[in-house]
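Notes for the one structure printed next.
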Amino acid sequence: MSARLTSAALFFGGLLVVFAGLLWNLQVVSGAAYYERSQRSIAQVETVPAARGKLLDRNGKILAQDQVAWQAALAEGCDETVLRRLKVLCQEEEVVWTGEGSIDRVTSRLMARIREEGLTGVTFTPQVTRTGSGSLAPHLLGRVGAMSPEEWEVYQEAGYAMDAQVGKDGAEAAFESLLHGTPGTKVLETDRNGQITGESYSVTPQPGKDVTLTLDKDLQAAARAALQAFLDSHPQATGGAVAALDVSDGGVLAMVSLPDYDTATFSADYPSLSQDPDTPLMNRAVQGLYAPGSTFKLVTAAAALEEGYLTPVTQILDTGRYTYYKSPQPQCWLYRQEGRTHGLETLSEAIADSCNIFFYDAGRRVGIETLDEYANALGLGEKTGIELAGEKAGVVAGPDYTASVGGTWYEGSVLSAAIGQENNRFTPLQLAHMTATLVSGGERRQVHILKKAEGEGLYETVSLGKLEISPQNLAAIKEGMGVVTQTGSLSRAFRDLPVKAGAKTGSAQVDGADLANAVLVCFAPYDDPQIALAIVVEQGGSGSALGEVAAAILKEYLS
């Protein structure tokens with residue numbers, strides 16, 4: 001028994017000697033080295049923002065992207081010799097710094113020199129800013145900014161940091177889930193003087209996906225320039241919009257709303273923008289509601305032909321004044337202005353001449369219920385499906401809507417509805433959508449601005465329904481639109497186009513306005529429609545005045 005106790009005592013005694021030796025080695029022999037190493041390994045954890053995906057146009061041109069600028073922060077109580085040297089380095093690298101506070105917009109060369117010289121107490125953090133295309137397409141592209149409290153309630157569930165930047169409107173907001181990356185975490189090892197001795201990622205940031213839009217950057221620039229030139233030469237006009245669609249799939253090729261703003265200076269300009277009576281913050285292309293004027297005659301024409309009330313060769317006599325009802329008895333514009341009439345006209349001729357009497361009679365035969373059905377089928381009074389927030393559905397005139405606003409619908413009200421008056425109110429995008437649907441043979445495709453997201457397939461065209469239009473009836477409508485551009489009111493403006501186009505103009509009176517709103521829809525090429533275009537200018541006068549704007553846009557597209 002005593003032998004066993006002796007062995008155990010010797011064993012534990014040996015362990016104590018070993019532990020004592022280890023402690024001696026750690027604390028005495030190697031203590032200084034371990035202390036120095038611990039001083040070199042003080043860790044700082046930084047959140048590294050993920051790069052936001054780029055917005056690209058249909059040809060890969062950059063519309064918006066992140067730009068990273070570095071900021072140098074100085075530790076509290078930073079040594080005077082460090083401050084003096086920093087000031088010299090900033091002067092040599094032409095970086096503005098007053099000698100106090102953080103150093104903004106640190107260049108990569110300045111950063112390298114500071115690190116190379118081992119200046120203590122200086123840490124660098126990235127400052128990411130979103131740079132866009134200025135005033136090229138602010139309403140469509142949108143902005144990026146800090147979250148509001150309401151947005152935080154939504155985004156916190158998706159794992160966003162409270163100080164994360166998010167899309168505020170436009171495409172930036174519509175495709176936030178694609179564009180927004182996942183932030184990372186960086187661990188910085190520093191010594192006791194604050195000098196970085198090593199860095200590593202505990203979580204690698206994942207950049208957002210690049211998003212390619214259907215927008216054509218060059219066409220957008222041409223459309224904006226053309227519309228701005230018109231507004232500059234017509235000071236009575238208070239604003240306008242352009243919407244251009246790809247007939248084949250409903251993609252937005254260009255979208256302009258003027259007046260607009262510059263996304264680069266939005267925050268500084270916001271007080272004045274928000275108080276501007278011309279409402280530059282409103283996207284007129286998807287939120288402005290306008291009477292279509294005579295461009296609505298295309299709807300009346302399609303309904304009358306397809307329902308069998310007219311044929312392409314049916315003639316109606318322009319009597320100057322329409323006397324079917326005791327009241328109202330509206331006049332044709334030609335009779336009202338010049339005391340003349342258009343005489344006997346077919347549908348194609350009536351479209352070319354914009355004969356009110358013809359379409360009064362056609363609308364009366366069709367009736368308001370069927371007229372409204374065709375308007376809806378062609379995309380009017382219905383949202384187009386575009387990804388942008390705030391799109392208005394518009395109004396198709398009829399008894400129900402008139403009653404909803406406290407008015408009275410009369411049997412003869414169908415006459416003014418048939419030529420685009422009454423309560424008909426549509427967005428410029430809807431008018432472009434109507435034109436694209438019509439010239440494509442009645443196939444209504446959902447309007448969209450997404451072409452593809454990085455790593456994903458192309459956008460798949462979505463059909464919203466089909467209105468059956470016979471080839472001969474469509475040919476009759478297009479024939480009238482073709483005459484407008486070849487020998488009619490737009491022939492001068494369209495004469496230099498490399499291909500034939502079709503168009504319809506309109507003028508819509510607005511209560512309290514000195515001049516009518518100018519409206520124009522068109523498509524090209526005539527034999528193989530690829531682009532459909534709508535332009536509306538508030539107090540622009542006659543729709544035919546917009547011919548030069550339309551021609552400039554089509555020339556850019558066809559080039």
Below 3.5 Å, can you tabulate the donor-acceptor pairs from side chains in residues 482-495 to any protein atom, sequence neighbours excluded?
{"from": "T485", "atom 1": "OG1", "to": "G482", "atom 2": "O", "distance (Å)": "2.9"}
{"from": "T485", "atom 1": "OG1", "to": "A501", "atom 2": "O", "distance (Å)": "2.6"}
{"from": "S491", "atom 1": "OG", "to": "G488", "atom 2": "O", "distance (Å)": "2.9"}

Exercise. Among L546, I553, V242, which one satisfies side chain to side chain contact (heavy atoms under 4.5 Å, CB included) with L227?
Worked result: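 Going through L546, I553, V242 one by one, the side chain to side chain contact (heavy atoms under 4.5 Å, CB included) with L227 is satisfied by V242 alone.
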Any donor and acceptor pair, going by atom type alone, linking the side chain of [X] with main-chain N or O of [Y] inside 3.5 Å?
| X | Y | answer |
| --- | --- | --- |
| N424 | V396 | no |
| T402 | P399 | no |
| T265 | A268 | no |
| Q530 | V247 | no |
| R52 | E172 | yes |
| Q430 | T427 | yes |
| E151 | S148 | yes |

For this session: Scan residues 278-287 for pairs that pass side-chain hydrogen bond (donor to acceptor under 3.5 Å, both in side chains), counting only residues two or more places apart or in two chains.
Result: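 Of all non-adjacent pairs touching residues 278-287, those that pass side-chain hydrogen bond (donor to acceptor under 3.5 Å, both in side chains) are T279-R284, R284-E538.
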For this session: Could you name each residue pair satisfying side-chain hydrogen bond (donor to acceptor under 3.5 Å, both in side chains) that touches residues 239-260, not counting sequence neighbours?
Result: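 The answer is R224-D260, D246-S248.
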For this session: Work out which heavy atom in L231 is nearest to a heavy atom in A237; give both atom names and the distance.
Result: CD2-CB, 3.8 Å
Problem set entry | Shortest non-hydrogen contact from E443 toward S463 | OE2-OG, 2.5 Å
Exercise. So does R143 pair up with D169, basic N to acidic O under 4.0 Å?
Worked result: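 Yes, R143 and D169 are salt-bridged.
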Problem set entry | Pairing residues for Q236 by the side chain to side chain contact (heavy atoms under 4.5 Å, CB included) criterion, not counting sequence neighbours | H234, L515
Exercise. Residues two or more places apart in sequence or in another chain: which of them pass side chain to side chain contact (heavy atoms under 4.5 Å, CB included) with V154?
Worked result: none
Exercise. So which pairs with a foot in residues 312-338 pass salt bridge (charged side-chain N to carboxylate O under 4.0 Å, His left out), sequence neighbours left out?
Worked result: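 As it turns out, the salt bridge (charged side-chain N to carboxylate O under 4.0 Å, His left out) pairs with a partner in residues 312-338, which skip direct neighbours, are E338-R340.
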Exercise. Restricting to pairs with a member in residues 351-368, which pass salt bridge (charged side-chain N to carboxylate O under 4.0 Å, His left out), not counting sequence neighbours?
Worked result: D361-R364, D361-R365
For this session: Quick one: which residue pairs count as a ring-ring contact (aromatic ring centres under 6.0 Å, His included) with a foot in residues 400-446, not counting sequence neighbours?
Result: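 Pairs touching residues 400-446 that pass the test: none.
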For this session: For residues 249-301, pull every pair meeting ring-ring contact (aromatic ring centres under 6.0 Å, His included), keeping only residues two or more places apart or in separate chains.
Result: H139-Y261, Y261-F266, F266-Y270
For this session: With the side chain counted from C-beta on, respond yes when Y526 and K478 share a heavy-atom pair under 4.5 Å apart, and no when they do not.
Result: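 In contact.
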N/O donor to acceptor pairs below 3.5 angstrom from side-chain atoms of residues 54-64, sequence neighbours left out:
{"from": "D57", "atom 1": "OD1", "to": "N59", "atom 2": "N", "distance (Å)": "2.9"}
{"from": "D57", "atom 1": "OD1", "to": "G60", "atom 2": "N", "distance (Å)": "3.0"}
{"from": "D57", "atom 1": "OD1", "to": "K61", "atom 2": "N", "distance (Å)": "2.7"}
{"from": "D57", "atom 1": "OD2", "to": "K217", "atom 2": "N", "distance (Å)": "2.9"}
{"from": "R58", "atom 1": "NH1", "to": "T214", "atom 2": "O", "distance (Å)": "2.5"}
{"from": "K61", "atom 1": "NZ", "to": "D218", "atom 2": "OD1", "distance (Å)": "3.3"}
{"from": "K61", "atom 1": "NZ", "to": "D218", "atom 2": "OD2", "distance (Å)": "2.6"}

For this session: Take Q331 and N356 through the side-chain hydrogen bond (donor to acceptor under 3.5 Å, both in side chains) test and state the conclusion after the steps.
Result: CA-CA 7 Å; Q331 300 175 356; N356 286 353; over 6 Å; no
For this session: Sequence neighbours left out, what passes side-chain hydrogen bond (donor to acceptor under 3.5 Å, both in side chains) with T370? Give chain and number order.
Result: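 T370: no side-chain hydrogen bond (donor to acceptor under 3.5 Å, both in side chains) contacts found.
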Exercise. Does a donor on one side chain sit under 3.5 Å from an acceptor on the other, for S544 and S542?
Worked result: yes
Exercise. Side chains of Q539 and N517: donor-acceptor distance under 3.5 Å anywhere?
Worked result: no
For this session: Go through the structure and list residues passing ring pair (Phe, Tyr, Trp, His ring centres under 6.0 Å) with F175, not counting sequence neighbours.
Result: none
